[in-house]
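What follows is one structure encoded as structure tokens, with my remarks underneath.
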Amino acid sequence: MMNASVQSLADAMDLGSLLQEIRERHGEFDLLAHWKQGEFHHDVVLRVHRFAPLPAPVLVVSTNCNGGVKEVLCFGDVPERYALWHHRCPGVPEFSGELPPIAAQARTSHYFDPCELLAVDARSELRAEFRERDVGGGWRPRCGQPGPAVDAAGEPGSARGSAPGEMCP
């Protein structure tokens with residue numbers, strides 16, 4: 001499942017650099033989805049127009065909350081969000097579905113078992129009264145409840161939950 005082109009993208013180590021590598025090597029791409037699981041995991045789904053020498057056109061770039069690339073998966077078709085998580089954590093009952101074949105996979109030093117983020121005692125930057133369990137595990141801001149006025153870095157509002165009346169994810 002190793003592919004030098006996919007590994008080279010992963011070796012960019014951060015999402016911004018990876019996207020620049022795609023632009024320089026392959027030209028245009030489409031952002032198909034951005035899926036967040038809990039506070040700390042993001043999957044960015046891309047379709048690369050001129051994908052060769054990548055083995056297939058669809059990339060799922062998994063990042064941490066700071067945009068550090070953990071893993072790059074390459075597919076012929078767009079995977080379903082919860083099928084991807086079922087593949088990662090088959091013991092979680094909320095996740096199901098069939099994953100299309102993985103054409104290539106590359107991991108970086110940022111990678112760790114993503115199932116650790118789903119545990120009931122998973123770490124969180126949100127106080128208990130401002131969070132709720134995400135589908136399948138992990139934490140998200142409590143829907144309809146304002147979060148802390150400042151985040152861990154002291155920035156105003158960036159750790160806030162949705163305000164009453166706002167649509168919740």
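A quick note: this is a predicted structure, and the numbers were derived from the prediction, not measured.
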Would you list the atom pairs, donor with acceptor, under 3.5 Å between side chains in residues 12-19 and any protein atom, with sequence neighbours excluded?
residue	atom	partner	partner atom	Å
D14	OD1	G16	N	3.2
D14	OD1	S17	N	2.9
D14	OD1	S17	OG	3.2
D14	OD2	S17	OG	2.9

Which pairs pass side chain to side chain donor-acceptor pair (under 3.5 Å) with one or both residues in residues 111-123, sequence neighbours excluded?
R107-Y111
Note: F29 and V48 closest approach over all heavy atoms is CB-CA, 4.1 Å
Quick check for you: to the nearest 0.5 Å, what is the distance between D134 atom CG and Q37 atom CD?
4.5 Å
Through direct or indirect side-chain contacts below 4.5 angstrom among Ile, Leu, Val, Met, Phe, Trp and Tyr, which residues connect to V92?
Y82, W85, F95, L118, V135
Can you sort out the partners of H42 under ring pair (Phe, Tyr, Trp, His ring centres under 6.0 Å), two or more places apart, ordered by chain and number?
H34
Salt bridge between R140 and E39, side-chain N to carboxylate O under 4.0 Å?
no
Donor-acceptor pairs under 3.5 angstrom involving side-chain atoms of residues 55-63: please list them, not counting sequence neighbours.
residue	atom	partner	partner atom	Å
S62	OG	D43	OD1	2.7
S62	OG	R88	NH2	2.9

Using a 3.5 Å distance criterion without hydrogens, assess whether the side chain of N64 forms a donor-acceptor pair with backbone atoms of G68.
yes
Shortest non-hydrogen contact between C74 and V6, atoms and distance
CB-CG2, 4.1 Å
Donor-acceptor under 3.5 Å (E71 side chain, F112 main chain)
no
SG on C65 to NZ on K36, rounded to 0.5 Å:
8.5 Å
Joint cluster assignment, L46 & V69, ILVMFWY side-chain distance < 4.5 Å
yes
Kindly indicate, with the supporting measurements, whether the criterion side-chain contact (heavy atoms from CB on, under 4.5 Å) is fulfilled by R142 and L126.
CA-CA 9 Å; R142 183 177 303 277; L126 299 171; over 6 Å; no
When every non-hydrogen atom of I22 is compared with those of L9, the smallest separation belongs to CG1-CD2, 3.8 Å
Does anything in residues 77-86 pair up under salt bridge (Lys or Arg N to Asp or Glu O under 4.0 Å), and if so which pairs, sequence neighbours excluded?
none
Test item: H87 and I102 side chains (from C-beta on) under 4.5 Å apart, heavy atoms
yes
Please give me the minimum heavy-atom distance between R131 and S124, naming the atom from each residue.
NH1-CB, 3.1 Å
For the hydrophobic clusters of this structure (ILVMFWY residues joined by side-chain heavy atoms under 4.5 Å, transitively), does one cluster hold both V44 and L54?
yes
Applying side-chain hydrogen bond (donor to acceptor under 3.5 Å, both in side chains) to N3 and not counting sequence neighbours gives none
Side chain to side chain donor-acceptor pair (under 3.5 Å) pairs touching residues 46-55, sequence neighbours excluded, are D30-H49
Within residues 52-69 or reaching into it, pairs that qualify as salt bridge (Lys or Arg N to Asp or Glu O under 4.0 Å) - sequence neighbours excluded:
none
Do you know the tightest heavy-atom contact between L84 and W35?
CD2-CZ3, 4.3 Å
How would you list all residue pairs meeting salt bridge (Lys or Arg N to Asp or Glu O under 4.0 Å) that involve residues 92-104, not counting sequence neighbours?
E94-R133
Non-neighbouring partners of C115 that pass disulfide (SG to SG under 2.5 Å), sequence neighbours left out:
C89
Pairwise salt bridge (Lys or Arg N to Asp or Glu O under 4.0 Å) hits with a residue in residues 17-27, at least two apart
E21-R25
